[in-house]
> 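The following block contains the structure, expressed as structure tokens.
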Protein chains: 2
Amino acid sequence: MELRQLRYLVTIAETGNLGRAAERLYVSQPALSQTVRALEGELGVRLFDRHPGGVSPTAVGRDVVEAARRTLAAAEGVRAAAARVLRVGFEASGAGDLTSRVRAEFARRHPEARLEPKRYDWGGEAEALRAGLVDVAFVWLPADLTGFAHEVVHREPRVVGLPENHRLAGRAGLTVMDVADEPLMWTERAPREWVDWWAVNPRPDGSAPKWGPTNDNVEEMLDQVADGVAVCFGPASMARYYTRPGLVWVPLVGAEPLRVALAWPAGSANPLVAAFVAVVRELSRP
Amino acid sequence: MELRQLRYLVTIAETGNLGRAAERLYVSQPALSQTVRALEGELGVRLFDRHPGGVSPTAVGRDVVEAARRTLAAAEGVRAAAARVLRVGFEASGAGDLTSRVRAEFARRHPEARLEPKRYDWGGEAEALRAGLVDVAFVWLPADLTGFAHEVVHREPRVVGLPENHRLAGRAGLTVMDVADEPLMWTERAPREWVDWWAVNPRPDGSAPKWGPTNDNVEEMLDQVADGVAVCFGPASMARYYTRPGLVWVPLVGAEPLRVALAWPAGSANPLVAAFVAVVRELSRP
DNA sequence: GCCGGGCGATAAGCGGCGCTTATGATCGCA
DNA sequence: TGCGATCATAAGCGCCGCTTATCGCCCGGC
């Protein structure tokens with residue numbers, strides 16, 4: 001078994017077609033035919049069912065492909081270990097100022113290492129983690145982190161984003177019910193649970209939020225709020241990290257704060273992960 | 001980068017010597033020389049310092065080798081996925097009858113899969129997990145499980161093992177202090193923390209246990225207890241899974257029960273891990 | 001101080017294997 | 001029934017990773 005074979009395998013599974021896979025891999029179709037046969041022989045199981053129209057993985061094949069994906073991710077970890085890069089996933093304002101404090105301290109301790117902060121859209125940091133696109137991530141809870149090592153490292157109160165000419169814009173604080181009648185921004189990207197948590201759904205009185213337009217990320221959300229079409233909720237740090245002309249932030253009172261977890265695949269191949277976790281753990285302790 | 005190269009790398013790091021590594025790998029020494037150079041070129045860093053007497057990994061090299069190890073373990077996961085085997089680590093009586101219930105239910109749901117229970121000596125199941133020798137393990141707590149996904153799935157009261165002719169052998173229950181004067185079996189294999197927890201050290205009154213002979217595993221321990229040279233502590237299931245002529249078990253009262261965690265490397269390449277975890281989680285819920 | 005042994009690096013040649021192109025076999029579909 | 005997909009097979013070839021042979025280096029022993 002070689003990584004080349006696993007790379008081929010994954011691409012074949014993704015395209016479901018030897019021809020197209022060959023194209024994407026810059027090899028000829030028989031090369032893949034041959035590789036599949038070799039792997040099937042070595043592993044002793046049929047991995048794909050062939051039919052005119054393409055190939056589809058068998059039950060075992062699906063699992064093998066998934067295992068192959070993880071192996072390739074681990075191999076990427078070898079590269080990362082050599083390059084001393086650590087890809088850190090987050091969304092929007094991440095873990096607030098903890099993020100920058102961690103970055104500074106990590107750089108101090110590991111001057112040879114390079115952090116690569118990678119921002120994702122709503123709920124995307126958890127997906128990225130799962131897909132092996134990042135080595136570690138600051139994940140906004142709630143999120144499904146089963147199968148990942150994680151710990152809550154940060155919490156911050158929430159705020160309400162309003163157009164500056166909104167009748168409530170001058171208030172010192174707002175409750176969820178204060179803005180119950182305002183259309184609320186939401187997203188189709190993140191899991192249901194995530195959206196409901198942010199929207200405080202159901203409300204204390206059992207009612208549902210008044211859903212407004214959807215958006216895919218902070219910028220889109222804030223643009224629309226500044227345009228006056230809706231209001232939004234966010235963590236306090238969002239007020240410090242993102243501004244928009246025509247947008248004001250007011251503390252949201254009586255709602256539970258955002259909890260941010262640091263999550264990473266246990267047993268990650270990238271040794272910087274452990275170092276990063278240690279720094280975050282230390283700085284989040286006070 | 002190919003698995004072959006990573007295999008070579010790890011062996012070279014283990015032997016610290018190209019010649020001996022070549023021997024173990026059934027290739028010639030220049031082949032390794034060449035592989036190291038190729039990898040160093042591809043990764044853009046020096047991995048080993050060469051000196052007369054052998055090679056030693058650089059700082060980066062150490063990390064790369066570690067990442068390579070994980071990658072090879074992941075590749076083993078591909079084999080496991082194909083073979084549908086799940087290696088389950090445990091020690092002694094493991095998680096008691098939960099173990100057998102899980103095995104039955106797992107076999108029912110995944111008839112094509114094969115469980116490979118692997119028993120380890122005291123504290124060895126956690127090491128085995130770390131070394132990638134098992135895919136999942138029932139770990140007796142306390143244990144260091146940082147970096148692993150884990151959850152407590154089982155608890156059971158403790159018992160005292162005594163020679164049958166011991167003056168306390170007929171009692172319905174014993175406290176730690178009742179046997180404070182008896183030499184207590186212990187082991188040098190497990191971490192300090194583990195040994196102290198089992199020995200209830202320090203005792204409620206602040207005193208230390210009276211340490212008796214050491215042993216490496218259940219059989220040795222029970223043999224010695226049956227011989228009358230010491231007493232031992234164990235989980236209740238040990239009384240049901242192991243018997244010895246001349247040995248009796250008495251409940252240990254007033255001591256906290258054993259907690260058993262199911263632990264696995266998050267993001268394991270073996271898909272059966274998730275299936276197994278699901279079964280255990282379900283059966284341990286009642 | 002010199003020589004021998006052990007180490008890794010280099011050189012040159014060779015052979016396997018994984019690629020290529022060309023073609024065959026099979027099925028679905030019009 | 002023939003066409004256009006698909007994957008499988010065949011045959012040839014070239015790369016690359018192996019081998020053996022040798023070198024250069026450092027050290028330790030006498």
Side-chain angles (χ1 to χ4, degrees), chain A residues 1-62 64-65 68 71-72 75 78 82, chain B residues 1-62 64-65 68 71-72 75 78 82:
Chain A
M1 182 171 26
E2 286 300 337
L3 289 176
R4 174 185 52 78
Q5 298 174 301
L6 301 184
R7 280 186 276 265
Y8 287 2
L9 202 65
V10 168
T11 304
I12 291 171
E14 278 173 0
T15 59
N17 179 305
L18 294 197
R20 270 188 292 283
E23 209 169 314
R24 262 179 49 181
L25 290 164
Y26 303 107
V27 296
S28 66
Q29 171 262 315
L32 300 188
S33 217
Q34 193 175 318
T35 296
V36 170
R37 186 150 42 90
L39 261 183
E40 287 180 331
E42 179 174 349
L43 298 176
V45 289
R46 187 160 196 75
L47 297 174
F48 290 98
D49 287 324
R50 282 79 155 172
H51 23 73
V55 296
S56 60
T58 61
V60 175
R62 256 188 298 278
V64 168
V65 166
T71 305
L72 294 174
V78 174
Chain B
M1 183 170 24
E2 286 301 337
L3 288 176
R4 175 185 51 79
Q5 298 174 301
L6 301 184
R7 280 186 275 266
Y8 288 3
L9 203 64
V10 168
T11 305
I12 291 170
E14 278 173 359
T15 60
N17 178 306
L18 293 197
R20 270 188 292 282
E23 210 169 314
R24 264 180 48 182
L25 291 164
Y26 302 106
V27 296
S28 66
Q29 170 261 315
L32 300 188
S33 218
Q34 192 176 318
T35 296
V36 171
R37 186 149 42 90
L39 261 183
E40 287 180 333
E42 179 174 350
L43 298 176
V45 289
R46 187 161 197 74
L47 297 175
F48 290 97
D49 287 325
R50 282 80 155 171
H51 25 71
V55 296
S56 59
T58 61
V60 174
R62 257 187 297 276
V64 168
V65 166
T71 306
L72 293 175
V78 174

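In what follows, every chain begins at residue 1, and chains take the letters A, B, ... in the order their sequences are listed.
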> From OH of A:Tyr8 over to C1' of D:dC7, roughly how many Å is that when rounded to an integer?
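To the nearest whole Å, that distance equals 17 Å.
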> Going by an N to O cut-off under 4.0 Å, is there a salt bridge joining A:Glu14 and A:Arg20?
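Salt bridge flag = no for A:Arg20 with A:Glu14.
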> A:Leu43 and B:Ala82: which non-hydrogen atoms are nearest, and at how many Å?
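Here A:Leu43 and B:Ala82 meet closest at CB-CB, 3.8 Å.
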> Can you tell me how far C1' of D:dT6 sits from CD1 of A:Ile12, to the nearest Å?
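Computing the A:Ile12:CD1 to D:dT6:C1' distance gives 14 Å.
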> Are any side-chain N or O atoms of B:Thr58 and backbone N or O atoms of B:Phe48, one a donor and one an acceptor, separated by less than 3.5 Å?
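Flag not set: sc B:Thr58 to bb B:Phe48 has no pair under 3.5 Å.
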> Rounded to whole angstrom units, what separation is found between the CD atom of B:Gln34 and the P atom of D:dT20?
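It is 14 Å, rounded to the nearest whole Å.
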> For B:Arg4 and A:Glu2, which heavy atoms make the closest approach, and how far apart are they?
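Closest approach of B:Arg4 to A:Glu2, heavy atoms only: N-OE1, 3.1 Å.
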> Can you tell me the distance, in whole Å, between the CZ atom of A:Arg7 and the C1' atom of C:dG18?
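Rounded to whole Å, this separation is 14 Å.
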> Let's see if you get this right: which residues in residues 37-51 of chain B place a heavy atom under 4.0 Å from DNA chain C?
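Nucleic-acid contacts, sorted: B:Arg37, B:Arg50.
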> Looking only at heavy atoms, which two atoms of A:His51 and A:Ser56 are closest? And how far apart?
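Nearest heavy atoms, A:His51 then A:Ser56: NE2-OG, 3.0 Å.
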> Atom CE of B:Met1 and atom C1' of D:dG17: how far apart are they, to the nearest Å?
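Result: 18 Å.
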> Consider the side chain of A:Arg4, meaning its heavy atoms from C-beta on, and name the nucleotide among C:dC19, D:dC7, C:dC7 that approaches it most closely.
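It is C:dC19.
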> Of the options C:dC19, C:dT20, D:dT19, whose atoms approach the side-chain atoms of B:Pro30 most closely?
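Looking only at heavy atoms from C-beta outward on B:Pro30, the closest nucleotide is D:dT19.
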> What are the two closest heavy atoms between A:Leu32 and A:Ala22, and how far apart are they?
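Taking A:Leu32 first and A:Ala22 second, the nearest heavy atoms are CD1-N, 3.3 Å.
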> Within less than 4.0 Å of OP1 or OP2 of C:dG8, is there a side-chain N or O belonging to B:Ser33?
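B:Ser33 to C:dG8 OP1/OP2: no side-chain N or O under 4.0 Å.
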> If I take atom CG in residue A:Asn17 and atom P in nucleotide D:dA5, what distance separates them, rounded to the nearest angstrom?
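Going from CG in A:Asn17 over to P in D:dA5 covers 12 Å.
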> Looking at residues 20-29 of chain B, who's got a heavy atom less than 4.0 Å off DNA chain C?
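Going residue by residue through residues 20-29 of chain B, the ones with a heavy atom under 4.0 Å of DNA chain C turn out to be B:Arg20, B:Gln29.
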> Counting heavy atoms from C-beta on, name the nucleotide in D:dC26, D:dA21, C:dG28 closest to the side chain of B:Pro52.
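Within the option list, the nearest is D:dC26.
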> Among B:Val55, B:Leu39, B:Ile12, B:Val65, find the one that has a side chain to side chain contact (heavy atoms under 4.5 Å, CB included) with B:Leu47.
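In the set B:Val55, B:Leu39, B:Ile12, B:Val65, the residue that makes a side chain to side chain contact (heavy atoms under 4.5 Å, CB included) with B:Leu47 is B:Leu39.
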> Take atom CG of A:Leu32 and atom C1' of D:dT9, then tell me their distance rounded to the nearest Å.
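Spelled out: CG on A:Leu32 to C1' on D:dT9 is 15 Å.
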> Give every residue pair that meets the side-chain hydrogen bond (donor to acceptor under 3.5 Å, both in side chains) criterion with at least one member in residues 25-47 of chain B, sequence neighbours excluded.
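Residue pairs with at least one partner in residues 25-47 of chain B: A:Arg79-B:Glu42, B:Glu40-B:Arg50.
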> May I have the distance from B:Leu18 (atom CG) to D:dC18 (atom P), rounded to whole angstrom?
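Roughly 13 Å, once rounded to whole Å.
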> Could you grab the distance from atom CG of B:Leu3 to atom CD of A:Gln5, nearest 0.5 Å is fine?
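Output value for this atom pair is 9.0 Å.
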> Look at the side chain of B:Thr35 and decide which nucleotide, out of C:dC7, D:dC18, C:dT20, has an atom nearest to it.
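The closest nucleotide is D:dC18.
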